There are 2 protein chains.
Amino acid sequence: MSHHHLDFSQLIRAQGYRLTPQRQLVLDTLCAMSSHATACEIYDQVSAQMPALNQATVYRTLEFFVELRLIAKSDIGGQTVYELVGEQPHYHLVCRQCSHVAELAATQLADLADWLLVEHGFQADLDHVVIQGVCAGCRASSP
Amino acid sequence: MSHHHLDFSQLIRAQGYRLTPQRQLVLDTLCAMSSHATACEIYDQVSAQMPALNQATVYRTLEFFVELRLIAKSDIGGQTVYELVGEQPHYHLVCRQCSHVAELAATQLADLADWLLVEHGFQADLDHVVIQGVCAGCRASSP
DNA sequence: CAAATTATTGCAAAAATTCGCAATAGAGAA
DNA sequence: TTCTCTATTGCGAATTTTTGCAATAATTTG
Ligand SMILES: [Mn+2]
Ligand SMILES: [Mn+2]
Ligand SMILES: [Zn+2]
Ligand SMILES: [Zn+2]
């Protein structure tokens with residue numbers, strides 16, 4: 001994680017923003033967390049390290065990183081979750097019957113991205129896509 | 001719209017639920033609205049017709065229809081919006097620079113759906129997909 | 001039709017998220 | 001370093017969304 005700090009710092013500062021201790025801590029926490037954390041979970045973690053850090057700051061910081069596209073914000077199973085993105089672009093298949101979440105490399109979405117670019121000139125952000133549906137297991141058990 | 005009432009009613013009652021006046025009104029309102037309405041907009045409309053109808057009921061009703069897959073819930077430009085779905089499955093390309101929203105027929109996503117089904121046995125709900133990115137216009141003006 | 005059952009609603013309180021604003025602190029200039 | 005400028009924070013209030021629960025209404029049973 002520490003090898004990211006410089007990249008992030010420069011990326012942020014290059015746009016006239018600042019990598020404050022609060023933002024750094026949120027970033028570190030996101031690194032440390034496995035994946036897909038809610039704002040509340042992130043606040044709890046962060047709060048233990050820096051008790052003065054306000055909840056509003058967590059929300060603003062997460063929104064800030066989302067706009068910089070350092071993290072992805074998604075709705076998975078009715079919950080808004082955040083995740084560091086960039087190293088391994090991926091997408092999720094979320095089953096609406098058993099709530100199972102599969103994670104797959106985003107390489108298979110390249111065709112779709114190419115098509116959108118060629119056909120509509122649209123450069124799609126497909127770093128982190130969430131697709132709802134019914135998984136193989138549930139399809140088998142309820143035909 | 002009225003020709004839908006029977007379909008909806010039966011679809012709902014078949015699962016042991018009820019098509020109450022409140023739900024009917026929300027459904028009618030969604031029909032009447034062009035597209036992509038927020039919970040607040042829907043409540044305002046509905047409230048004019050049935051002042052006693054509570055806001056919590058609107059939220060619960062929308063969630064109810066989402067679970068029945070009669071309406072789609074999406075995040076477009078930072079707002080949670082609802083739309084009747086079914087007649088014209090479609091997807092949206094949302095530009096993160098100019099906020100422009102394009103609407104396209106979902107037929108082009110069929111390849112992706114097929115691939116997910118064949119390769120992962122996953123039956124994807126691609127009735128209403130929202131894809132973020134940068135539109136052709138913005139790409140042209142900022143290369 | 002009356003009784004029983006259960007889904008649904010309204011209400012108020014709780015929880016989650018956003019917002020305005022004065023105070024703070026980081027960055028650059030002198 | 002000191003001064004200036006402005007991005008960012010903490011705080012409290014406002015707004016949005018969810019939840020528990022008793023009252024209501026729709027449906028079924030007898
Ligand atoms: Mn993910
Ligand atoms: Mn739409
Ligand atoms: Zn499943
Ligand atoms: Zn654009």
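Only a predicted model underlies this, so the values are computations on that prediction, with no experimental measurement involved. A, B, ... follow the sequence lines: proteins, then strands. Residue 1 opens every chain.
A:Q15 places its CD atom 17 Å from the C1' atom of C:dA27, with the value rounded to the nearest Å. Atom CG in B:L68 sits roughly 14 Å away from atom P in C:dA7 (whole-Å rounding). Computed from coordinates, the B:Q79 CD to C:dT17 P distance equals 16 Å when rounded to whole Å. Between the C1' atom of D:dT9 and the CG atom of A:L19 lies a distance of 15 Å, rounded to the nearest Å. Distance, B:N54 CG to D:dA22 P: 17 Å, rounded to whole Å. Taking atom CD of B:Q24 as the reference point, atom C1' of D:dA25 lies 16 Å away to the nearest angstrom. The distance between atom CZ of B:R60 and atom P of D:dT16, rounded to the nearest whole Å, is 18 Å. In this structure, A:L25 places its CG atom 15 Å from C1' of D:dT8, rounding to the nearest Å.
In this structure, the side chain of A:Q49 does not engage the main chain of A:V46 through any donor-acceptor pair within 3.5 Å. Here the side chain of A:R139 pairs a donor or acceptor atom with the backbone of B:G121 at under 3.5 angstrom.
Less than 6.0 angstrom separates the ring centroid of B:H128 from the ring centroid of B:H36. Here the two rings, on B:Y82 and B:F65, have centers that are 6.0 Å apart or farther.
For the helix from C:dC1-D:dG30 to C:dA30-D:dT1, the terminal axes (five pairs an end, C1' atoms, rotation from four pairs onto the next four) enclose an angle of 30°, given to 10 degrees.
When distances are taken from the side chain of A:Y59 to each of D:dA7, C:dA16, D:dC11, the shortest belongs to C:dA16. Side-chain atoms of A:T57 lie closest to D:dT9 of the nucleotides D:dT9, C:dC11, C:dT9. Of the listed nucleotides (C:dG10, D:dT17, C:dA25), C:dG10 has the atom at the smallest distance from the side chain of B:Q22. Comparing atom distances between the A:R23 side chain and each of D:dT9, D:dA26, D:dG20 picks out D:dT9 as nearest. For A:A56, whose side chain is taken as the heavy atoms from C-beta onward, the closest listed nucleotide among D:dG10, C:dA7, C:dC19 is C:dC19. Residue A:R18 has its side chain nearest to C:dA25 when only C:dA25, C:dA7, C:dG20 are considered.
Checked for salt-bridge contact, A:K73 and A:E83 miss the test: no charged N lies under 4.0 Å from a carboxylate O.
Contact annotation: the side chain of A:Y43 never approaches that of A:N54 to less than 4.5 Å [non-hydrogen atoms, C-beta and beyond]. No side-chain heavy atom of B:L93 sits less than 4.5 Å from a side-chain heavy atom of B:V130. You'll find the side chain of A:T20 stays beyond 4.5 Å of the side chain of A:L25, heavy atoms only.
Counting only residues at least two apart or in different chains, salt bridge (Lys or Arg N to Asp or Glu O under 4.0 Å) contacts with residues 90-111 of chain B comprise A:D125-B:R96.
Within the 4.0 Å cut-off from OP1 or OP2 of D:dT9, at least one side-chain nitrogen or oxygen of A:T20 is found. Not one side-chain nitrogen or oxygen of A:Q55 sits closer than 4.0 Å to the OP1 or OP2 atom of C:dA15.
Two residues, A:I12 and B:T80, neighbour DNA chain D, and the one matched to the more 5' nucleotide by heavy-atom proximity is A:I12.
At a threshold of 4.5 Å between side-chain heavy atoms, the hydrophobic network of Ile, Leu, Val, Met, Phe, Trp and Tyr places A:V58 and A:L84 in one connected group.
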Return the polar atom pairs (N/O with N/O) between nucleotides 28-30 of chain C and the protein under 3.5 Å, or none.
none

